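Written below as structure tokens is the structure these notes are about.
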Amino acid sequence: MDFQLSDDQRALRSGMRDLLGAVFDRDRLRAAVERDGALDRSLWRELGAAGFFALRLPEEAGGVGLGLPEAVLLFEEAGRALLPGPLVATHLAAGLVKGAAEGEAVVTAVAADLPAAHLAEADAVLVVDGQAPGLPGDVLSGGVSGAEVLAGEALRAFVAAARPVRSVDPLTPLHRLAGRTVPTGAPQAYSGALPYEAALLTAAEQLGSAARTTEAAVQHARERQQFGSPIGSFQAVKHLCADMLARTEPARAAVYAAAVTGDPAEIAAAKLLADEAAVRNARDCLQIHGGMGFTWEADVHLHLKRAWFRAASWLTGAGAEELLAADLGAAGRLPRSSAAYGRPVPEAGGGG
């Protein structure tokens, strides 16, 4: 099997990189930081017009008609650019929530006991474990494999009951949900296709961030002079840069392969590798930048904070390890593609 990207896939990735360079450059990134992560609805609509959210909808439904491997390429570029907002949830809600495919609606997700991202700005919420705290079951409508949709008056009441909490990522405002419990007999974690796909798309964002911080570190190491030489000529700095690349490329292979197979265990492995690459590469990039890497004016800290946030979203390291252990164990194997589900994923968390 050939896992090399096709010419069309390369063109798709290149086109998204060019688009994000035009509509979300560093000035707009910094403006988003100054707004405390408040979403730019015009940017959201531009993404919708470019097919970011409708990429996997069938053409007859107004979508682009592509698949998960192509979606991974777009989310990788979004991760490189530190694009804010509940991109994963809105992408998965395309065709389910009116306006999501076109970027007219912002959709976030609620799952497990983790805070919800961009809840105050959301037009709809995917309730991934099928339950919203304090709300009767009949307020949930629509539905996608592994989630239900919360909107209208029920959504407004839901948001009113939540309280804002401090976020590690200045581009991701969070709300803590009040009274969130799982009823007796209900699944203790995710079921259905959505959480696996969400975890993979989040891993793709982490991959993009890991690649970007690697590039930034190498560029700085070439340009920064110390003792009359570029710091990249020093062995310790060379090793850091080499380690960053050695983490990024296996993560890339794992993410791309999982997008082709849709296997839950492979998605878990991809999320583990991508989380490690994003967090550790951002740390090493900051180290290579030295004192200036810690400053607010540098962008390195934004990658590190977003990597921390994504690592706790959809599928945590502990949950991925448990899933892989269950897959390797003799007590029954997981289904071999994301078309068949049912086994709960421990320690999973929601995200944007």
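Because the structure is predicted, anything quoted here is derived from the model rather than measured. Heavy-atom basis, side chains included; hydrogens, waters and symmetry copies ignored.
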Name all pairs fulfilling the salt bridge (charged side-chain N to carboxylate O under 4.0 Å, His left out) condition that reach into [range], sequence neighbours left out, sorted by first residue then second.
| range | result |
| --- | --- |
| residues 283-308 | R26-D299, R30-D299, D169-R306, R247-D284 |
| residues 55-68 | R56-E197 |
| residues 79-95 | E77-R80, R80-E215 |

Q.
I'd like to know if the side chain of H118 pairs up with that of T108 as donor and acceptor (distance under 3.5 Å, no hydrogens or angles considered).
A. no
Listed by chain and number, what are the side chain to side chain contact (heavy atoms under 4.5 Å, CB included) partners of [X], not counting sequence neighbours?
| X | result |
| --- | --- |
| A258 | L200, E266, I267, A270 |
| E102 | E104 |
| A38 | R35, E121 |
| A278 | Q206, A307 |

Q.
Can you pull out every ring-ring contact (aromatic ring centres under 6.0 Å, His included) where at least one residue sits in residues 207-237? Sequence neighbours excluded, please.
A. H220-H289
Q.
Give me each pair satisfying ring-ring contact (aromatic ring centres under 6.0 Å, His included) with a member in residues 66-98, each pair once, sequence neighbours excluded.
A. F52-F75, F75-H91
Flag side-chain contact, heavy atom, 4.5 Å: [X] against [Y]:
| X | Y | result |
| --- | --- | --- |
| L171 | L29 | yes |
| L126 | L96 | yes |
| C285 | R212 | no |
| M16 | L19 | yes |
| L272 | L324 | yes |

**Q.** Y196 ring center within less than 6.0 Å of W314 ring center
**A.** no
**Q.** Any residue meeting salt bridge (Lys or Arg N to Asp or Glu O under 4.0 Å) with R41, in chain and number order, not counting sequence neighbours
**A.** D123
Q) Once you round to the nearest 0.5 Å, how far does CZ of R10 lie from CG of L5? A) 5.0 Å
Q.
What's the separation between atom CG in L323 and atom CG in L315, rounded to the nearest 0.5 Å?
A. 6.5 Å
**Q.** Cationic N near anionic O, under 4.0 Å, R28 to D40
**A.** yes
Donor-acceptor list for residues 63-73 side chains, cut-off 3.5 Å, not counting sequence neighbours:
residue	atom	partner	partner atom	Å
E70	OE1	G67	N	3.0
E70	OE2	Q9	NE2	2.9

Q: Verify side-chain hydrogen bond (donor to acceptor under 3.5 Å, both in side chains) between Y256 and Q4, making sure each step is shown before the conclusion.
A: CA-CA 9 Å; Y256 286 6; Q4 294 294 319; over 6 Å; no
Q | Pairs touching residues 222-244 that satisfy side-chain hydrogen bond (donor to acceptor under 3.5 Å, both in side chains), sequence neighbours left out | A | Q219-E223
(Q) Quick check on the hydrophobic clustering: are L47 and L57 connected, directly or via other members, by side-chain heavy-atom contacts under 4.5 Å? (A) no
